[in-house]
2 protein chains.
Amino acid sequence: MTGIRDVAREVDMSTASVSRALRGLPGVSPETRERVLEAARRLGYVASPQAAGLASGTTRTIGVIVPFVTRWYFSWIVQGAQDRLRGEGYDLLLANLGGDAAARERMLATRYLAKRVDALLVLALTPTPEEEQNLRTLGLPIGLVGARVDGFCCVDIDDLAVSAQAVDHLVGLGHRRIAYVGGGLEDTLDKRAPRLRAEGWRAAMQRHGLDVLPGYDEAGDFTMAGGERAATRLLALPERPTAIYAASDEMAIGVLRALRTAGLHAPEDISVLGVDDQEMASFVDLTTIHQPVREQGEAITDMVLAALDTGAGQPTEHRTFPTHLVPRASTGPPASGSRTLPR
Amino acid sequence: MTGIRDVAREVDMSTASVSRALRGLPGVSPETRERVLEAARRLGYVASPQAAGLASGTTRTIGVIVPFVTRWYFSWIVQGAQDRLRGEGYDLLLANLGGDAAARERMLATRYLAKRVDALLVLALTPTPEEEQNLRTLGLPIGLVGARVDGFCCVDIDDLAVSAQAVDHLVGLGHRRIAYVGGGLEDTLDKRAPRLRAEGWRAAMQRHGLDVLPGYDEAGDFTMAGGERAATRLLALPERPTAIYAASDEMAIGVLRALRTAGLHAPEDISVLGVDDQEMASFVDLTTIHQPVREQGEAITDMVLAALDTGAGQPTEHRTFPTHLVPRASTGPPASGSRTLPR
DNA sequence: TTGAAAGCGCTAACAT
DNA sequence: ATGTTAGCGCTTTCAA
C-alpha cells in the first residue's frame, strides 16, 4: 500500500513537504505542489486517515446516531446529512440503534464515540440528564434533530403547531369528535414528538372548546400495523370519532386500512389526517401536515460543520422549521347525521 | 482524554499488559485483568481506534456502499448488516451515493476506502471491469449484494426466476397480454436487476408462447411516480395489456394509481403485480414476489465477517435466496371480453 | 520554500 | 505473567 514516503521518494522531497503540498497548505511553490499532486495521483496514493488522525487529532468523520434506518423520516435525515458531508471530505459513521436500548446506552452513555468522530448528530432522541452530561463531556460539536436542549445545536419542527394545524383543519370542516393516534409504550427511543403532538392535540381541542372523549388517545407505535390496530379500537368506541388524526403518515395509512376493512370510507364516514407528507401520502390521497425532512438533515449538518470550522466548542443554534397542511381527499365535513349515526 | 497510559499508571503496570488485559488476550492473570478492567471503567477509558488501528493494521470498520439510503430495499439491507455488526465490535461507514455517479467513481474506482475499512459491502452495483479490478487490488474481503462476480462474496436473488414466477402466475390466471414496467435510462447505478427481470419476463412470455407486443416494455425508474407514468402510457396503447408486471412494489403502486385515475380497477380491468413484498404491498393488497431483504444483508455480512476471521483473502461464496409469490387481490382472471374491450 | 525530528496512542515482538 | 522496545503513517513544530 503506497504511503506518503513512496510519494516523497518519487519527487525526491521530504514527507513533510509532500504532506503540505497534498493538503494545500501554504508555503509550497506551485510547481512543487503540481509535481507532488501528479506523483500522488500516479501512484494512487491516499493518506491513511488513521495516521493522519492520530497525528492531527481529528477523524474527519461525523457520527450519526439513528433509532432506525428503515423508517422514512430517519433515512431522509441521513440523506440530507450526507448531501452536505459529501464534498466536505467527511465520512459518515452510522450508529443505527435498530430500536435497541442497549445500543443506545453504548452510544449515548459512554465515551465510545469520543475518539471516533469529530462531531455527532443525534436523531430524534432526547438525551436523559445523564446522557446529556456525557454528551457534553465528549467535547464535540453535537447536533440534535427533533430535540431541543440548551447547549446543543438543534433542529426541529414545532410539534405543538403541527397538531394545531391538524385540529384546526378538522374543526374548520365541522368535526368535533377528533381522536388521536400516536406513539406507544414500545417506542422506547423517541418519546418527544409523540408526546408533544398528543399535547398539542389536547391543547387545540381545548382551545376549540371540544372534549377529548375517553379512549380517544390511542397508541399506534408509528407503524402501519399499529395505526390499523389503533383505528380498530377507535371504531369500536361507543361514541365513534368523526375524524382521526394520526401523528405519522404510516399510522394514518394503517387507519385508512382499518376503515376499509370495516367497510367505511374516508372522508365520507371518517376523516383521516397524517403527519410527514411522504410520497405514499399523495398516493393514498391522504391529507397531512408536511414537514421538510431532508432540509432538517442538511441544516443540522451545516451547523455542526460550521462549529467544526470555527473551532467554537459547543455552539447553540436552534432552528425550528415550518410545517404546513396539505389538504387532500381523506378529510372532509363530517357525515351530516354523524352524531346519531349507529355504530 | 484518558489514554491507556492513564490506566497503566492507575494499576501500576505497563501499557502492554493493560492492552492485553483489555482485549482479553491470554497471558494475563484473572485478578490483574479484573483490576485493569475496573480501572478502565472507572476512568471511562476507551481505546483510540486510530492508534489501535495504526498499530494493528485494522480499522474495525466495515464500509457499505449504497446507491440510496432512502429506498426501502437498501435501508433494509443496511439494517440487516448492522444487526450482524452490532456486537461484533465493528463500526459501519456509510458511503451513500445518493444516486451520484461522481460519488460512485470516488468510492469504487479509487483507493479512497482502502485504508478506511477492513471490508466492503457493495449494494446493487455491478462493478465495471475497471471498478472490479480496483476493488480486487484493495485486498479487502468484499461482499456484493444483488450482483454476481467471481472472486467476491455474493448474495442475490434469482431475478430471472422472479419474473418467471410473476408471469406464470398471470398466465395461470388466463392472461396473455402482459406488460412489463422496469428501470429506465435514469437509473445509472443499478442496472442488473432491471435488466434481468426484463429478460426473465421476455423468456417466460416466450416459454408460454406469448408475444411481447410493441410498447409493452416500459421504464418506471423504480419510483412510484415513474410507475404511474409508465402505466399511463400502457393504458394508451391500441392493444391494452390485461396485466402489468412491475419490477418493484413502488412502481406497482404507481401503476395502481394510474389505473384509479383512469377509472379502472385491479384486478377486474387489469391485473397488477409487483416485486419486493414491502409492508405497503399488503396495505394496497398488491400481489407481489416476496424477497428476503434483511436476510440478504445479514448473510453478506456474515460471509465478510467470516473472511475477516479466517484471514482468508478473497473468499468466493455465492448465495442465492429463494423468492415466492404472495397472491393478493390485485391479480385475477382477465375481464372476459377483454380481447375486444374498447379502449 | 523545504527538511529533520519528535511525537500522536496504541499494538506486537521479543525479553525477562 | 509482565515489561521493554519498536514502530504503525502520518502531522507538526522548529530549524535551516
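Quick note on labels: first sequence line is chain A, next is B, and so on, each numbered from 1.
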Interatomic distance where CZ belongs to A/R33 and P belongs to C/dT1 [whole Å]: 9 Å

Could you check whether A/D156 and A/T320, counting side-chain N and O atoms only, form a donor-acceptor pair closer than 3.5 Å? yes

According to a strict under-4.0 Å criterion, is A/R5 in side-chain N/O contact with OP1 or OP2 of D/dG9? no

Separation of B/Q50 atom CD from D/dT11 atom C1', in whole Å? 12 Å

Measure CG/A/L25 against C1'/C/dT2 and give the value in whole Å, please. 13 Å

Report yes if the side chains of A/P49 and B/K115 come closer than 4.5 Å at any heavy-atom pair, otherwise no. yes

What nucleotide, of D/dC8, C/dC10, C/dG3, holds the atom closest to the side chain of A/M13? C/dG3

So, OP1 or OP2 of D/dG9: does either fall under 4.0 Å of a side-chain N or O from A/Y45? no

Starting at the 5' end of DNA chain D and moving along, which residue's nearest nucleotide shows up first, B/S56 or B/G27? B/G27

Side-chain N,O (B/S29) to OP1/OP2 (D/dT2) below 4.0 Å: yes

Less than 4.0 angstrom between a side-chain N/O of A/S48 and OP1 or OP2 of D/dC10, yes or no? no

Closer than 4.0 Å, any side-chain N/O of B/K115 to the OP1 or OP2 of D/dC8? no

B/R23-B/S19 side chain donor-acceptor pair, cut-off 3.5 Å: yes

Below 4.0 angstrom from OP1 or OP2 of C/dG3, is there any side-chain N or O of A/S14? yes

A/T32 vs C/dT2: side-chain N/O to OP1/OP2 distance below 4.0 Å: yes

Counting only side-chain N and O atoms of B/T15, is one of them less than 4.0 Å from OP1 or OP2 of C/dC10? no

Starting at the 5' end of DNA chain D, which residue's closest nucleotide do you reach first, B/S17 or B/A55? B/S17

Nearest whole angstrom, please: distance from the C1' of D/dA1 to the CZ of B/R35. 13 Å

Using atom CD1 of A/I4 as one end and atom P of D/dG7 as the other, report the distance to the nearest whole Å. 19 Å

What is the separation between atom CG on A/L54 and atom C1' on C/dT11, rounded to the nearest whole Å? 12 Å

Among B/H318, B/E317, B/E298, which residue meets the side chain to side chain contact (heavy atoms under 4.5 Å, CB included) test with B/M303? B/E317

Would you kindly give the CZ-to-P distance between B/R116 and D/dG9, to the nearest whole Å? 16 Å

With no hydrogens and no angle check, do the side chains of A/D118 and A/T59 hold a donor and an acceptor under 3.5 Å apart? yes

Looking only at side-chain N and O atoms, does A/T126 offer a donor or acceptor that is under 3.5 Å from a partner on A/R148? no

So, OP1 or OP2 of C/dT11: does either fall under 4.0 Å of a side-chain N or O from B/R23? yes

Nucleotide C/dA12, atom C1' - distance to CG of B/L22 in whole Å: 16 Å

Looking for any heavy atom pair under 4.0 Å, which part of the strands does A/A16 touch: base, sugar-phosphate only, or nothing? base

